[in-house]
J.: 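Input: one structure, supplied below.
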Amino acid sequence: MSESVRVVLPAHLRAMAKVQGEIRVDVRDEVTQRSVLDALEAEFPMLLGTIRDRATAKRRAFVRFFACEEDLSHEEPDAPLPDRVVHGEEPFIVIGAMAGG
Amino acid sequence: MSGTRVLVGTRKGAFVLTSDERRTEWTVDGPHFPGWEIYHLKGSAVNPDRLYASQTSGWFGQVIQRSDDGGTSWETVGNDFTYDGVPGEHQWYDGSLRPWAFTRVWHLKPSLHDAETVYAGVEDAALFKSTDGGAQWAELSGLRQHDTGPQWQPGAGGMCLHTILEHPSDADRLYVAISAAGVFRTSDGGQTWQPINKGLRSGEIPDEDSEVGHCVHRIDMHPDHPDVLYMQKHWDVMRSQDGGDTWQEVSGNLPSDFGFPITVHAHEPETVYVVPITSDSLHFPPDGKLRVYRSRTGGHEWEALTTGLPQQDCYVNVLRDAMAVDQHESCGVYFGTTGGQVYASNDSGDSWEPIVRDLPSVLSVDVQTLR
């Protein structure tokens, strides 16, 4: 049994992955940040290291995870994502943090 | 007819500039990887169609791109720059110790001896090697684990390994330069390293002739005289005649001996180019005049090259990797500025013209002579 999770990537990573718009990844395990990102990187290996640090596997400092109008960036990687993400009703959004001035 | 391909890395993407051997009409292709910082774009001398790009971002980290068709198409290759073993600690700006942490690749050096071998100089300072065209990287950790490692400290731009030179006939002999540690040499392919900074004097460190701690900005050599090395240090232009064992100052009559790049002419081992910058606190040319200085005597005696370069109200900088020479019979010299201009000379620096004027801030310039 796997879930088809909707994922929205920022423009730079869509260009790198050569995809347009929202994508879907199949997640076999419990739907968490870690399992979604593992599935994403397995399908798009060019994204390895761009969202999570290669050495520590931690979220890169200026990357944020949003879903269901909530900032999930500081949730534990293995915490379950909201049911609406699990059931494909809402996307898991990867976004570059606002910066500049 | 042979061709010329200039590879330009900028703050917002990569550009490929092409011309024939006359180097008067140019085609500008880019930006590749728009929006990303391209710290270095470098072609292989063994296989000129093989290019590498260090693509970095404060948001999305380090990516390495490879082209096998001269920059028309690109593919991502390996970006796992994990240090070998438990990283040690180095000096931080405040005198405390801080663990080595990978930030980005500053410099890529495709081997002169093997098309699939490429080196990467990274921040925090370390040297990585790939023997499969960049797919996988392994640290040559003898450098970072040198006894002096805990004394290394970052320059203002970070603790970067920014220059890699290969001996033209001995693949095991490498030189690297680190800001702000100095120059190191290996004769066994990177297993063991020796600091070679004797003769450098740096007023910015407590012991001005210390074994390490010098902010070396760039080194270069001519392949016909591989024991002669040239260095642009933070302050001072230096020369070594013994493969780096000792250094002598050759700043001579330069208007300022602060600067970043230093480059040797393709056919004249004693002809050297620098771009004087006012000071470490004023990163622009003296008097608002952009002047390349050329020495035909291996240093000491320098002449200003100004024809075609702005001689008033110019306040750009030229970064350490942003100058290169081609191999044409009449040697071409190229440099890019933080103002986005790429200047070219097809007559060894006697006269200059801009290839492009309004690119993003230029981080690196390399040139390939296509036969």
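Below, each value reflects all heavy atoms present in this structure, side chains not excepted, and no hydrogens, waters or symmetry copies. In what follows, chains are A, B, ... by sequence order, proteins preceding strands, each numbered from 1.
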J.: Between B:His283 and B:Phe260, what is the ring plane arrangement, given parallel below 30°, perpendicular above 60°, and tilted in between?
T.: perpendicular

J.: Chain A heavy atoms under 4.5 Å from B:Gln55: which part of the residue, side chain, backbone, both or neither?
T.: side chain

J.: Quick one, B:Asp321 with B:His162, criterion side chain to side chain donor-acceptor pair (under 3.5 Å). Give me CA distance, side-chain angles, the key distance, then yes/no.
T.: CA-CA 8 Å; B:Asp321 247 337; B:His162 52 68; over 6 Å; no

J.: If the plane angle is over 60° it's perpendicular, under 30° parallel, otherwise tilted; pick one for B:Phe81 and B:Trp137.
T.: tilted

J.: Go through the steps to decide whether A:Ser35 and A:Glu30 satisfy the test side chain to side chain donor-acceptor pair (under 3.5 Å), and finish with yes or no.
T.: CA-CA 7 Å; A:Ser35 64; A:Glu30 185 180 23; over 6 Å; no

J.: Of all heavy-atom pairs between A:Ala97 and A:Arg64, which one has the smallest distance, and what is that distance?
T.: CB-CG, 4.2 Å

J.: Would you call the rings of B:Tyr39 and B:Trp106 parallel, tilted or perpendicular if under 30° counts as parallel and over 60° as perpendicular?
T.: perpendicular

J.: So, applying salt bridge (charged side-chain N to carboxylate O under 4.0 Å, His left out) with A:Arg84, which one of A:Glu69, A:Glu90, A:Glu70 is it?
T.: A:Glu90

J.: With a 4.5 angstrom heavy-atom cut-off, is it the side chain or the backbone of A:Pro10 that approaches chain B, or both, or neither?
T.: side chain

J.: Could you name the residues of residues 46-59 of chain A that have a heavy atom within less than 4.5 Å of a heavy atom in chain B?
T.: A:Met46, A:Leu48, A:Gly49, A:Thr50, A:Arg54, A:Ala55

J.: For the candidates B:Asp80, B:Thr76, B:Thr82, which exhibits the highest count of non-hydrogen atom pairs separated by less than 4.5 Å from chain A?
T.: B:Asp80

